[in-house]
Amino acid sequence: MMPPLLPPVNGQLRLVVFDWDGTLMDSPRRIIHCLQRAAVEIGAPVRDEAALRNIIGLGVQAAVRELYPDADDHFVERFATAYRACYLEAEDAPETPLFAGVAALLDWLEAREVLLAVATSKSRRGLDQALEATGLGGYFVATATGDEHASKPNPSMLEYVMARAGVEPVRTRMVGDSVYDLEMARHAGVPAVGVTHGVHPPQRLESAGALALLPDLDALLEAFRQAEGDN
Ligand SMILES: [Mg+2]
């Protein structure tokens, strides 16, 4: 039997870990723009949007190696540097609003004493900038970033935030928009929920083993509410 989405009344759910890009923040268009601009800047072939959506969710070095299989370390570093400069600083790149419903969802979980964390392929600098810009930093008891851990789907960042929160996998849920989030969760023994407003389509998320698939954060909150009512 599948574990329930949220069993808060008996205290089973203690920690929800969120991916950032494409899950809480509507940033894939900026990521795609900057991956394409980085290719232009270093004189590499520009990959199309479909190819880029496929690898968003990996760490930037791992993503570059997927896009350019013949790339050497020097190429990967030049590409990653150009990408990060664009993402962090380009004023003409697409903006990155939070998805609707972020605050309501985090507030609802926090009010039930569920701990919150982030496991993201962003750099530490990128995540800290995003937490500062959105004012969401205070919600999270632990955060893990792509430059501090092996790329998803390695379970390192999820295991790290669980250790920091002091919560075991069975009492944790991972929420993400990419197959790499779901595969990371599976490697860590954590049930995962997919949201389909990000980079990967429902069929891919389903085949990667999502416990549940929701179209957006409002639907995720509603699912949590219903699960609470079921207890
Ligand atoms: Mg994502």
Side-chain angles (χ1 to χ4, degrees), residues 16-35 49-64 66-67 80 83-84 87-88 93-102 105-106 116-131 133-134 136 139-140 143-158 160-161 172-188 190 192-217 219-220:
V16 176
V17 183
F18 292 93
D19 167 58
W20 188 268
D21 291 307
T23 297
L24 296 181
M25 179 168 269
D26 192 2
S27 44
R29 272 168 299 142
R30 188 177 181 93
I31 294 171
I32 289 164
H33 173 93
C34 288
L35 287 169
E49 178 171 339
L52 298 177
R53 281 188 171 271
N54 191 41
I55 52 77
I56 291 176
L58 292 171
V60 60
Q61 280 94 350
V64 174
E66 285 287 321
L67 293 170
Y83 167 75
R84 288 197 181 117
Y87 190 91
L88 291 170
E95 296 198 350
T96 57
L98 291 172
F99 283 110
V102 170
L105 174 63
L106 300 184
L116 304 171
V118 173
T120 178
S121 296
K122 299 183 95 59
S123 65
R124 170 56 59 189
R125 187 175 162 213
L127 179 65
D128 285 351
Q129 185 187 76
L131 292 174
T134 59
L136 293 185
Y139 283 103
F140 303 111
T143 59
T145 60
D147 53 349
E148 297 167 339
H149 295 269
S151 176
K152 298 172 184 179
N154 186 295
S156 172
M157 40 176 109
L158 187 46
Y160 171 81
V161 296
T172 301
R173 295 292 179 273
M174 177 73 210
V175 179
D177 71 307
S178 80
V179 294
Y180 311 116
D181 300 311
L182 305 184
E183 289 167 0
M184 171 179 71
R186 182 159 45 81
H187 292 152
V190 171
V193 178
V195 284
T196 61
H197 61 194
V199 291
H200 288 161
Q203 313 83 277
R204 277 195 79 188
L205 296 177
E206 200 158 61
S207 63
L211 178 65
L213 283 183
L214 287 311
D216 53 36
L217 299 179
L220 178 57

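Values below: all heavy atoms of this structure, side chains included; hydrogens, waters and symmetry mates excluded. Just so you know, ligand 1 is whichever comes first in the structure, and atom 1 is the first atom listed for that ligand.
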Minimum-distance N/O/S atom that Asp21 presents toward the Mg ion (ligand 1): O
Residue Asp177, metal the Mg ion (ligand 1), N/O/S under 2.8 Å: yes
Asp19: its N/O/S atom lying closest to the Mg ion (ligand 1) (atom name): OD2
Test item: Phe140 and Leu127 side chains (from C-beta on) under 4.5 Å apart, heavy atoms: no
Arg125 atom CZ, over 12 foreign heavy atoms within 6.0 Å: no
Non-hydrogen side-chain atoms of Asp26 and His197 separated by less than 4.5 Å: no
Backbone of Val179 reached by a side-chain donor or acceptor of His200 within 3.5 Å: yes
